[in-house]
Amino acid sequence: MITTVLIASLAVYSWKLLGYLIPEKRITPAIRAFAERVTVSLLAALVLVQGFTTNSEIVFDARVPALLVAAILLWLRAPFIVVVIAGALVAAVFRWLGF
């Protein structure tokens with residue numbers, strides 16, 4: 001599984017590099033939309049894998065409410081540092097409580 005994530009990460013990073021090397025007139029709207037979707041899909045997959053699995057098992061622990069709080073704050077367009085700190089604090093409180 002880690003190999004798949006690494007390969008996908010390298011693929012997305014290569015898209016980023018190619019974006020700087022290819023002239024703007026050669027990038028069609030379809031290519032731009034595809035590249036954006038691939039990046040968002042990889043990020044969503046990483047969040048799901050890191051947020052809900054441990055040792056290849058689905059688990060619901062302190063990370064779940066932390067991700068929920070972070071998602072709500074992102075939806076409300078809070079500054080990123082606020083999102084990170086709030087998520088960390090929620091996870092810390094839930095772990096302190098034994099979840």
Side-chain angles (χ1 to χ4, degrees):
M1 176 169 259
I2 290 176
T3 305
T4 304
V5 171
L6 289 174
I7 290 171
S9 298
L10 288 173
V12 170
Y13 188 68
S14 70
W15 276 98
K16 181 76 168 175
L17 289 177
L18 285 174
Y20 291 116
L21 299 174
I22 297 174
E24 184 71 28
K25 64 181 179 180
R26 300 224 183 235
I27 299 175
T28 65
I31 292 173
R32 185 181 309 278
F34 175 74
E36 289 171 359
R37 287 186 189 116
V38 168
T39 305
V40 171
S41 299
L42 179 61
L43 181 59
L46 288 171
V47 167
L48 289 174
V49 169
Q50 295 297 314
F52 296 100
T53 62
T54 299
N55 296 329
S56 299
E57 295 179 4
I58 296 175
V59 295
F60 294 99
D61 57 8
R63 296 175 291 180
V64 176
L67 282 171
L68 182 62
V69 167
I72 291 169
L73 288 173
L74 284 172
W75 182 66
L76 294 172
R77 300 199 183 271
F80 187 69
I81 190 69
V82 172
V83 173
V84 172
I85 291 171
L89 287 174
V90 169
V93 167
F94 271 82
R95 289 186 179 171
W96 180 68
L97 293 173
F99 291 101

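Predicted model, so just to flag it, every value in this text is computed and none were measured.
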**Report entry** Under 3.5 Å donor-acceptor, N55 side chain and E57 backbone
**Finding:** no

Report task. Spell out, yes or no, whether V49 and I2 are grouped together once hydrophobic residues are joined by side-chain heavy atoms under 4.5 Å, including indirect joins. Result -> no

Query raised in the report: Where is the tightest heavy-atom contact between V59 and T53, given as atom of each residue plus distance?
Result: CG2-C, 4.1 Å

Requested in this report: Specify the closest pair of heavy atoms between A86 and L73, including all atoms of both residues, with the distance to one decimal.
Outcome: CB-CD1, 3.4 Å

Query raised in the report: Going through the checks in order, is the side-chain contact (heavy atoms from CB on, under 4.5 Å) test met by Q50 and L67?
Result: CA-CA 11 Å; Q50 295 297 314; L67 282 171; over 6 Å; no

Report task. Take atom CG of L6 as the centre, draw a 6.0 Å sphere, and report whether it contains more than 12 heavy atoms from other residues, nucleotides or ligands. Result -> yes

Query raised in the report: Going through the checks in order, is the side-chain contact (heavy atoms from CB on, under 4.5 Å) test met by R37 and R32?
Result: CA-CA 9 Å; R37 287 186 189 116; R32 185 181 309 278; over 6 Å; no

Requested in this report: Take F52 and V64 through the test side-chain contact (heavy atoms from CB on, under 4.5 Å) and record every step on the way to the result.
Outcome: CA-CA 7 Å; F52 296 100; V64 176; 3.4 Å; yes

Query raised in the report: Would I7 and Y13 show up in the same hydrophobic cluster when neighbours are defined by side-chain heavy atoms closer than 4.5 Å?
Result: no

**Report entry** Neighbour count >12 (heavy atoms, 6.0 Å) for atom CG, L17
**Finding:** yes

Query raised in the report: With the 4.5 Å side-chain cut-off for hydrophobic clustering, are V90 and W96 part of the same group?
Result: yes

Query raised in the report: I72 pairs by side-chain contact (heavy atoms from CB on, under 4.5 Å) with which of V69, L74, L68?
Result: L68

Query raised in the report: Honestly curious: do V84 and V47 fall in one hydrophobic cluster under the side-chain, below-4.5 Å linking rule?
Result: no

Requested in this report: Evaluate the side-chain contact (heavy atoms from CB on, under 4.5 Å) criterion for residues I85 and I81: first the C-alpha distance (whole Å), next the side-chain angles of each, then the deciding distance (0.1 Å), finally the verdict.
Outcome: CA-CA 6 Å; I85 291 171; I81 190 69; 3.8 Å; yes

Query raised in the report: Under 4.5 Å between side-chain heavy atoms, hopping through other hydrophobics if needed: is there a path connecting F94 to V83?
Result: yes

Report summary line: On a heavy-atom basis, the closest approach of A66 and G87 is CB-O, 3.3 Å

Query raised in the report: Heavy atoms, side chains only, cut-off 4.5 Å: are L43 and T39 in contact?
Result: no

